[in-house]
Amino acid sequence: MIRAAVVGATGYTGAELGRLLAAHPEAELVALVGHSTAGEPVAEVLPSLRGLVEGEVRAYDAATIAEEADAVFCALPHGASAPKVAELRGAGLRVFDLSADFRLSDLDVYRRWYGEHGAPDLFGRAAYGLPELHREAIRGADLVAVPGCFPTASVLPVAPLLREGLVEVEGPIVVDAKTGASGAGRAAKPRTHLPETAEGIRAYAIAGRHRHTPEIEQELSRLADAEVRVIFSPHLVPMTRGILATVYLRPKAGADAARCVEAARAFYEGSPSVHVLDADGNPDTLWVRGSNRAHLSYTADERSGWIVAQGAIDNLVKGAAGQAVQCLNLRFGLDEGTGLRQPATWP
Ligand SMILES: NC(=O)c1ccc[n+]([C@@H]2O[C@H](COP(=O)([O-])OP(=O)(O)OC[C@H]3O[C@@H](n4cnc5c(N)ncnc54)[C@H](OP(=O)(O)O)[C@@H]3O)[C@@H](O)[C@H]2O)c1
């Protein structure tokens with residue numbers, strides 16, 4: 001059994017890690033570590049784990065975690081995560097960090113978007129935890145930077161097209177994405193509470209202002225082996241979970257929807273979390289809600305000549321906790337789908 005602890009366990013992604021690890025056949029959940037609620041019963045702070053996880057939310061202590069665990073998930077806000085990740089790595093743990101602190105490969109880019117880094121010596125040493133693209137690196141990594149939710153939903157549909165050279169990379173790629181409110185975390189904020197989200201939709205941090213922009217560009221540029229620019233427009237929509245990314249691309253000659261589907265199916269062969277719909281399919285976040293699955297689709301717009309690619313995921317599962325567990329599985333030599341085969345909770 002892999003002994004696993006979660007730091008930041010009382011937030012939304014931490015709770016999701018608790019849910020997945022409590023049912024994982026090869027992992028034992030040894031500690032749920034919190035912050036402001038340390039010492040309170042797990043059942044009170046995370047009622048969904050009532051009867052499944054006993055005891056109290058623990059206070060953070062790297063030495064104790066290292067005595068009890070082989071691996072630790074860090075589900076902390078960016079900035080708060082880096083120093084703790086450094087400490088936990090120093091204590092010999094394998095660390096799966098869900099924050100943005102180790103996802104970027106260029107420290108100057110990190111500083112521009114997030115400010116000073118809390119553990120610059122460790123920066124650039126993590127594997128980027130998108131298993132479908134970096135499986136081998138994750139297998140050998142002691143620090144995995146689990147991708148952001150928007151980058152996961154956006155990069156997965158585009159990756160096969162760039163790898164196969166089916167689309168142009170000169171000029172920007174347009175990513176229009178919708179997210180549910182759990183993407184903003186558990187802490188109450190006026191902009192995400194029910195009366196201000198339930199019946200409206202709005203974009204935020206558009207026009208190159210969202211912090212996931214450099215992460216998406218980093219991964220797409222790696223795939224294209226050329227600098228890729230994106231116009232990224234995230235929207236908050238009235239739902240709790242889910243991301244739908246709709247990506248507009250200019251195809252090269254012969255790259256119709258059927259060719260894109262064929263390329264994506266070949267690219268994701270052997271990837272249990274990714275399902276490619278038939279051409280012209282429209283994925284729905286409801287079809288993946290609660291699961292570690294991504295649904296992808298490709299449609300040709302014959303009037304403009306463009307390709308519209310889509311990716312739907314659950315932001316808390318394939319966009320965070322499930323993907324982190326997928327990385328744990330790879331790192332510890334398990335089948336990557338272990339403990340992650342739950343279908344969506346549809347409807
Ligand atoms: N939500 C998503 O869909 C999603 C998807 C992908 C990645 N992520 C990333 O995953 C991380 C966690 O996100 P989340 O949505 O789970 O956030 P969240 O719901 O706000 O939870 C944050 C957790 O970190 C703890 N915490 C906050 N400040 C802390 C500090 N200074 N020191 C120690 N612990 C602290 C919180 O404890 P208290 O409540 O007691 O403060 C809570 O347990 C973030 O970096 C986020 O960007 C989130």
Side-chain angles (χ1 to χ4, degrees), residues 130 132-133 147-180 183 201 203-237 242-252 255-268 271 273-285 287-288 293-315 318-319:
L130 191 54
E132 290 75 16
L133 301 187
C149 44
F150 282 125
T152 299
S154 311
V155 170
L156 286 174
V158 181
L161 312 189
L162 291 177
R163 191 57 73 71
E164 285 296 310
L166 296 177
V167 291
E168 302 287 354
V169 293
E170 308 260 309
I173 288 174
V174 180
V175 181
D176 177 286
K178 319 285 187 302
T179 181
I201 167 169
Y204 63 100
I206 59 168
R209 293 187 181 89
H210 195 284
R211 285 177 165 142
H212 285 168
T213 306
E215 190 183 331
I216 297 170
E217 288 182 344
Q218 170 181 292
E219 286 308 296
L220 296 187
S221 299
R222 274 182 187 160
L223 284 153
D225 204 15
E227 195 176 333
V228 173
R229 281 272 165 268
V230 298
I231 299 175
F232 175 46
S233 300
H235 298 73
L236 177 64
V237 300
I243 289 185
L244 178 67
T246 305
V247 187
Y248 300 86
L249 303 130
R250 284 168 302 121
K252 292 184 180 165
D256 59 6
R259 177 75 192 92
C260 294
V261 168
E262 182 190 39
R265 286 190 174 150
F267 189 84
Y268 292 116
S271 291
S273 292
V274 178
H275 178 75
V276 181
L277 276 60
D278 290 340
D280 303 343
N282 284 309
D284 188 323
T285 56
W287 300 345
V288 293
R293 295 177 66 68
H295 282 190
L296 311 183
S297 79
Y298 302 92
T299 305
D301 180 340
E302 284 168 12
R303 293 174 65 254
S304 65
W306 286 46
I307 288 285
V308 184
Q310 296 180 76
I313 60 167
D314 183 323
N315 56 297
K318 183 59 179 159

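In this chain, numbering begins with 1 at the start of the sequence shown.
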* Give me the ring orientation class for Phe150 and His210: parallel if the planes are under 30° apart, tilted from 30 to 60°, perpendicular past 60°. =>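 Aromatic pair Phe150/His210 classed perpendicular.
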Nearest atoms (heavy-atom pairs only) where [X] meets [Y]:
X	Y	result
Ala255	Leu166	CB-O, 3.4 Å
Tyr298	Pro157	OH-O, 2.6 Å
Val169	Ala224	CG1-CB, 3.8 Å
Ala257	Ile307	N-CD1, 4.0 Å

Would you please name every residue forming a side chain to side chain donor-acceptor pair (under 3.5 Å) with [X], sequence neighbours left out?
X	answer
Thr179	none
Arg229	Glu217, Glu227
Asp301	Ser304

Glu219 with Arg222: basic N within carboxylate O range, under 4.0 Å: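 Between Arg222 and Glu219 there is a salt bridge, with a charged N closer than 4.0 Å to a carboxylate O.
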Under a 4.0 Å N-O cut-off, is there an ion pair linking Glu164 with Lys252?
no
Residues at least two apart in sequence or cross-chain that pass salt bridge (Lys or Arg N to Asp or Glu O under 4.0 Å) with Asp176, listed by chain then number, are Lys178
Residues in ring-ring contact (aromatic ring centres under 6.0 Å, His included) with His295, at least two apart?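 For His295 the ring-ring contact (aromatic ring centres under 6.0 Å, His included) partners, ignoring immediate neighbours, are His275.
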- Examine distances only and state if a side-chain atom of Glu215 and a backbone atom of Gly148 form a donor-acceptor pair shorter than 3.5 Å.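 Checking the backbone N and O of Gly148 against the side chain of Glu215, a donor-acceptor pair under 3.5 Å is found.
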Quick note, ring pair (Phe, Tyr, Trp, His ring centres under 6.0 Å) partners involving residues 153-178, not counting sequence neighbours, are none
